[in-house]
There are 2 protein chains.
Amino acid sequence: MTQLEAARKGKITPEIEKVAKEEGLHPEILRQKVAEGTVVIPANRVHLSKNLKRIVGIGEGLRTKVNANLGTSYDYVNVAEEVQKLKVAMEVGADTVMDLSTGGNLRAIRQTLMALAEVPLGSVPVYEAEFEAARKKGSVFHLDVDDFLQAIETHAKDGVDFMTIHAGITLEGLRFMKEQGRTTWIVSRGGGLLAAWMMYHNRENPLYEHFDDVLDIMKTYDVTVSLGDSLRPGSIADSFDRPQIHELLVLGELVDRARKAGVQVMVEGPGHVPLDEIEAQVLAEKKICKGAPFYVLGPLPTDVGAGWDHITGAIGGALAAASGVDFLCYVTPAEHLGLPTPEHVRTGVIAFRIAAHIGDIVKGVKGAKEWDLAMSRARYALDWEAQLRLALDPVRAREIFEQRSSKTEACSMCGPFCPMNLIEKFLKDAQKAREEVRQVLQEMALRE
Amino acid sequence: MTQLEAARKGKITPEIEKVAKEEGLHPEILRQKVAEGTVVIPANRVHLSKNLKRIVGIGEGLRTKVNANLGTSYDYVNVAEEVQKLKVAMEVGADTVMDLSTGGNLRAIRQTLMALAEVPLGSVPVYEAEFEAARKKGSVFHLDVDDFLQAIETHAKDGVDFMTIHAGITLEGLRFMKEQGRTTWIVSRGGGLLAAWMMYHNRENPLYEHFDDVLDIMKTYDVTVSLGDSLRPGSIADSFDRPQIHELLVLGELVDRARKAGVQVMVEGPGHVPLDEIEAQVLAEKKICKGAPFYVLGPLPTDVGAGWDHITGAIGGALAAASGVDFLCYVTPAEHLGLPTPEHVRTGVIAFRIAAHIGDIVKGVKGAKEWDLAMSRARYALDWEAQLRLALDPVRAREIFEQRSSKTEACSMCGPFCPMNLIEKFLKDAQKAREEVRQVLQEMALRE
C-alpha cells in the first residue's frame with residue numbers, strides 16, 4: 001500500500017507518525033490530509049528500507065519545504081563534485097534533493113547519490129529514457145513508450161522518492177503555444193525534449209497516453225508523481241498565458257487519475273512570474289488541481305537577475321509560500337549562466353530556506369513566529385550566543401559577527417549607542433543609564 | 001525657492017526637467033507631482049552648486065530608488081573605507097547614500113564624503129547634536145533645542161540633500177509604548193538617543209516642539225525632510241502596533257506642516273514586518289501622510305536572517321515597492337551583526353536594486369518590463385554578450401558565466417539540451433534539428 005492508500009484505509013503509518021511529530025500536528029489530522037491528497041510523503045519503499053533517514057511531508061498546513069537540484073551536465077561530469085553538493089545541501093538544511101544529471105553514466109551517478117541521500121531524492125527519468133534510446137536505437141527519435149516506462153521503472157527500483165513526469169504537455173497545448181507565440185517558448189529541459197519528439201512525429205505525448213502504466217510503476221514502489229510543467233513561463237512576459245494554463249488543466253485531470261489509482265501526486269509550477277501574478281498562480285493551481293501540493297521553481301519575478309537569481313527566486317518564493325505554495329525548488333546564483341558549484345548550492349539553499357520561513361510566518365505554521373520571537377528576545381538581551389545559535393545560518397552569522405567585532409556589549413554598528421540597550425537601561429535605572437551615556441560620549445569627545 | 005515652491009508657482013525647474021527626462025515623463029506631469037508633494041527632489045542648493053551630478057526624483061510614478069547607508073561607528077573609524085563604500089555604492093547603482101557616521105570627527109567625515117558624492121547624500125544630524133553637547137557641556141543631557149538646530153544648520157551648510165528628523169516621537173508615543181510593552185522596544189539609533197533624553201527629563205521632543213525652526217533651515221537650503229520613525233518595529237512581533245501607528249499619525253501632521261512651509265518632505269518606515277502586513281503598512285502611510293513619498297528600511301519579513309539580511313530585506317523591499325513604496329533603504333549581510341564592509345555594501349545595493357526593479361514591473365514604471373523583455377529575447381537567441389550586458393549586475397553575471405563555461409552555444413547547465421535552442425530549431429527546420437540532436441546524443445553515448 002502507498003501512504004495514500006494506507007491513509008485512506010484509516011491507517012496511521014510510521015511515516016505519518018514521524019511527519020506529524022516533526023510538524024507538531026496530531027497524527028490523525030495528518031492522516032486525513034494524506035488521505036485527501038493535500039499532503040504527500042515521498043518515501044520510496046526501497047529508499048525507506050535503506051538510508052532514508054528524514055521522512056518529509058509536503059503540503060497543506062506543513063512547514064514549506066525546500067528542494068536543491070543537483071546533477072551533472074554535458075559540460076561538467078564530476079561525480080565527486082555532485083557528492084559534495086549533496087552533502088552541502090543536506091548540511092545547510094535542504095529538505096529534499098533532485099538528481100538532474102544529464103552527463104556521464106546517469107544510473108551510476110544516481111546510485112552514488114542515492115546511497116548518500118538521507119533526505120528524499122527526486123529525479124527526471126525522461127533524460128535517461130532519451131539517452132538510452134539514442135544509445136540503443138541510434139536516435140532519440142526512435143524512442144517509444146517502453147523506453148519511458150523502462151527508465152521510470154529503473155529509477156523506481158533505485159529508490160527514487162519522487163519523479164518529475166512531463167505528462168501534461170499535449171498536442172493541444174503545443175497548438176495553444178504555436179497559435180499564441182511566446183517570448184521564450186519552452187524552458188523545461190525534459191519538456192523541451194518531449195516537445196521536440198512530439199513535433200517531429202506529430203504524435204501525442206506518450207507519457208500522457210500511457211499515464212496509467214506510469215502510475216502502475218509509481219504505485220508498486222510508492223513513488224510520488226511530481227507532474228512537470230513543460231510549458232511553464234520562462235520569461236515574465238509568458239506568465240499565465242494560454243499554453244501554461246492549458247497544461248495546468250491537463251495536470252488537474254492527471255491529479256485526479258493519480259489519486260484514484262492510489263498514487264501520491266504533486267504539481268510543479270513556474271517559473272518566471274511578475275510579483276503581482278504569484279498569488280493568482282497559486283490560487284489557480286490549488287483550485288484546478290484540487291489542493292494537490294504545489295511545487296514551484298522560484299518563481300522569478302524578473303528576468304534580469306542573472307548572477308543573483310537566488311535572490312530573485314527567494315523574493316518570488318517567499319510570496320509564493322505565503323500564498324500557499326508547499327514546496328520551493330531553489331534557484332542558485334548560477335541560474336541562466338551555468339551549472340552551479342557547491343558554493344552556489346549552499347547559497348541557494350539558504351536563500352530559499354529564508355523564503356520558506358517568511359512564508360511559514362504568514363501561513364501560521366507551528367513554531368515559525370515563535371522562532372522569530374526567541375531571536376528578537378535574544379537580540380534585545382544582547383545575548384550573542386543565543387542570537388548566533390538562532391540564526392537561520394549560524395555559520396555565516398558568526399563569521400560576520402567575528403569579522404566586524406565590537407569592543408562593546410552591542411554590535412559594531414551602534415556600539416555604545418545601541419538603542420535597545422539604551423532604552424532597556426533607561427526603563428530599568430535612568431540615573432545609572434545617564435552616567436553610562438555620559439561616560440561614553442565623554443570618551444568619544446576626548447578621542448577626537 | 002524650494003523645488004516644491006517653484007513647482008507650485010508653475011515653474012519647471014532645471015531639476016524637474018532632468019528628472020522628467022530620466023523617468024520618461026512629461027515635465028508638466030512631474031511638476032504637478034512635485035507641487036502636490038507626492039514627488040520630492042532632494043537637492044540641497046549647496047550640493048547642487050558643486051558636485052551633485054545625478055538629480056534624483058523620489059515618489060509616485062517614478063522608478064523605485066535605492067539608498068545605501070555608509071558611515072563610521074564607535075568601533076570602526078576608517079575614513080578610507082567609508083570613501084571606498086561610497087565609491088562602490090555609486091558604482092553598482094545606488095541612487096542616494098546616507099552618511100550615518102557615529103565615530104571620529106563627524107563633520108570632517110561628512111565633508112570628505114560630500115565632496116565625492118555625485119548622488120544625493122542624506123544624514124541624521126541628531127548624532128552630531130548629541131556628541132557636540134557632550135563635548136561642550138559635559139553631558140548629552142544638557143543638550144537643548146539650539147544644539148539640534150545648530151547641527152541641522154551645519155549639515156545643511158555642508159550640502160546634505162535630505163535629513164532624517166526624528167520629530168514624530170512624542171511623550172504620548174512613549175506612553176503608548178510603555179503601556180503596551182514591546183519585544184525590542186526602540187531600534188532606531190537616533191530615536192533611541194532622543195527617547196532617552198525625553199525619558200530622563202520627562203520633557204517633550206524638542207524637534208517636535210520646534211519643528212517650525214527646523215523647517216526654516218530646511219527651506220533656506222532646500223533640504224528634503226525625511227521624517228524618521230523612531231518607534232518602528234524592530235521585530236515582526238512589534239509590527240503595526242500602537243506606538244508605531246501613533247508616531248505615523250504625528251508624522252502625517254508634520255507632513256502637512258512641512259508642505260505648508262514649502263519644504264519637501266518624505267516619510268520613513270519600518271523595519272521588521274511580516275510579509276502579509278507590508279501592503280497594509282504602505283497603505284497606512286500613503287493615506288495618513290497624504291501621499292508623501294515613503295522610504296522604508298527593508299522591510300524585513302523575518303527576524304532570523306542574520307548574515308543574509310540583504311535577502312530578507314530584498315524580499316520585503318520587493319513587496320513594499322510593488323505595494324507603492326517609493327524609496328528603499330538597503331540592508332546588508334552585516335545587519336544585526338556589525339558595521340558593513342565595502343563588499344557588504346556592494347551586495348546590499350545589488351539585492352535592493354533587484355527588489356526595486358521587481359516592484360517597478362508591478363508599478364508599471366516606464367522601461368521596467370521592456371528591460372525584462374529585451375533580456376528574455378537575448379536569452380532565447382542565446383546572445384550571451386547581450387545577456388551579460390542586460391544583466392542587472394553584468395560583472396557578477398560574467399564572472400559566473402566564465403567560471404562555468406560551456407563548450408556549446410548554450411550555457412553549461414543544459415548544454416546541447418537547451419530547451420529554448422531545441423524548440424527554436426524545431427520550429428525553424430525540424431529535419432536539421434533532428435540530425436543535430438541525434439549527433440549529440442550519439443556522442444554522449446560514446447563517451448560513457
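What you see is a predicted model, and the numbers here were worked out from it, not measured in a lab. What you see below is based on every heavy atom in this structure, not just the backbone, and it leaves out hydrogens, waters and symmetry mates. Numbers restart at 1 for each chain; the letters A, B, ... are given by sequence-line order, proteins then strands.
A/Ile400 places a side-chain heavy atom less than 4.5 Å from the side chain of B/Pro333. Using a 4.5 Å heavy-atom threshold, the side chains of A/Lys407 and B/Tyr74 count as touching. Contact of the B/Asp372 side chain with the A/His272 side chain is not registered, since no non-hydrogen atoms from C-beta on lie closer than 4.5 Å.
Of the two parts of B/Glu424, neither the backbone nor the side chain holds a non-hydrogen atom closer than 4.5 Å to a non-hydrogen atom of chain A. Contacts of B/Ser230 with chain A are absent, with no heavy-atom separation under 4.5 Å from either backbone or side chain. If you measure heavy-atom distances from B/Met413 to chain A, the contacts under 4.5 Å come from both the backbone and the side chain. Both the backbone and the side chain of B/Phe401 come within contact range of chain A, with heavy atoms under 4.5 Å apart. Proximity to chain A is absent for every atom of B/Ser323, based on heavy atoms less than 4.5 angstrom apart. Of the two parts of B/Ser405, the backbone and the side chain both hold a non-hydrogen atom closer than 4.5 Å to a non-hydrogen atom of chain A. Only the side chain of B/His310 comes within less than 4.5 Å of a heavy atom in chain A; its backbone stays farther off. Residue B/Ala351 touches chain A through both its backbone and its side chain, counting heavy-atom pairs closer than 4.5 Å. Both the backbone and the side chain of B/Pro340 come within less than 4.5 Å of a heavy atom of chain A. B/Leu319 touches chain A through backbone and side chain together, each having a heavy atom under 4.5 Å away. Contacts of B/Ser406 with chain A are made by both backbone and side-chain atoms, with heavy-atom separations under 4.5 Å. Contacts between A/Ala237 and chain B at a heavy-atom distance below 4.5 Å involve the side chain alone, from C-beta outward. Proximity to chain A is absent for every atom of B/Trp197, based on heavy atoms less than 4.5 angstrom apart.
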For A/Trp371 and B/Thr302, what are the C-alpha separation, side-chain angles and deciding distance, and is it a side chain to side chain contact (heavy atoms under 4.5 Å, CB included)?
-> CA-CA 9 Å; A/Trp371 181 8; B/Thr302 175; over 6 Å; no
In sequence, state the C-alpha distance, the side-chain angles, and the governing distance for A/Leu427 and B/Trp185, and then conclude on side chain to side chain contact (heavy atoms under 4.5 Å, CB included).
-> CA-CA 10 Å; A/Leu427 290 171; B/Trp185 296 79; 3.6 Å; yes
Please lay out, stage by stage, how B/Arg398 and A/Leu337 fare under the test side chain to side chain contact (heavy atoms under 4.5 Å, CB included).
-> CA-CA 8 Å; B/Arg398 184 174 295 277; A/Leu337 297 168; over 6 Å; no
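Between chain A and the options B/Ile315, B/Ile361, B/Asp393, B/Ile423, the largest number of non-hydrogen pairs under 4.5 Å is found for B/Ile315. Residue with the most contacts toward chain A among B/Ala374, B/Gly307, B/Pro419: B/Pro419 (heavy-atom pairs, distance under 4.5 Å). In terms of heavy-atom pairs under 4.5 angstrom with chain A, the leader among B/Cys418, B/Ala195, B/Ser188 is B/Ser188. Counting heavy-atom pairs closer than 4.5 Å to chain B, the top residue among A/Gly305, A/Ser235, A/Pro301, A/Ala391 is A/Pro301. For the set A/Asp276, A/Thr408, A/Leu100, A/Leu390, the count of heavy-atom pairs under 4.5 angstrom toward chain B peaks at A/Asp276. For the set B/Ile354, B/Thr183, B/Ile186, the count of heavy-atom pairs under 4.5 angstrom toward chain A peaks at B/Ile186. Among B/Lys369, B/His357, B/Lys178, the residue making the largest number of heavy-atom pairs under 4.5 Å with chain A is B/His357. Among A/Thr312, A/Asp309, A/Thr72, A/Thr341, the residue making the largest number of heavy-atom pairs under 4.5 Å with chain B is A/Thr341. Your options are A/His336, A/Gln387, A/Met375, and the one with the most heavy-atom pairs under 4.5 Å with chain B is A/His336. Most heavy-atom pairs under 4.5 Å with chain A: of the set B/Glu402, B/Lys136, B/Glu399, B/Arg189, this distinction falls to B/Arg189. Most heavy-atom pairs under 4.5 Å with chain B: of the set A/Ala196, A/Gly192, A/Pro274, this distinction falls to A/Ala196. Taking chain B as the reference chain and counting heavy-atom pairs below 4.5 Å, the highest number among A/Leu373, A/Leu388, A/Ile350 is found for A/Ile350.
Between the CD atom of A/Glu343 and the CD atom of B/Gln403 there is a distance of 10.0 Å, given to the nearest 0.5 Å.
Exactly one of B/Asp303, B/Val304, B/Asp238 qualifies for a side chain to side chain contact (heavy atoms under 4.5 Å, CB included) with A/Ser376. That residue is B/Asp303.
A tilted orientation is assigned to the rings of A/Phe131 and B/Phe417, their planes being inclined by 30° to 60°.
A donor-acceptor pair under 3.5 Å is formed between the side chain of B/Arg404 and the backbone N or O of A/Leu339.
When every heavy atom of A/Ile311 is checked against every heavy atom of B/Ala314, the shortest pair comes out as CG2-CB, 4.0 Å. In terms of heavy-atom proximity, B/Leu275 sits nearest to A/Ala318 at CD2-O, 3.7 Å. Among all heavy-atom pairs drawn from A/Asp75 and B/Gly415, the shortest one is OD2-CA, 4.3 Å. Nearest heavy-atom pair across A/Thr184 and B/Met420 is O-CG, 3.7 Å. Taking every heavy atom of both residues into account, A/Ala306 and B/Arg379 meet most closely at CB-NH2, 4.2 Å. Among all heavy-atom pairs drawn from B/Ser412 and A/Gly338, the shortest one is OG-CA, 3.2 Å.
Atom CZ of B/Arg377 has 12 or fewer heavy atoms from other residues, nucleotides or ligands within 6.0 Å.
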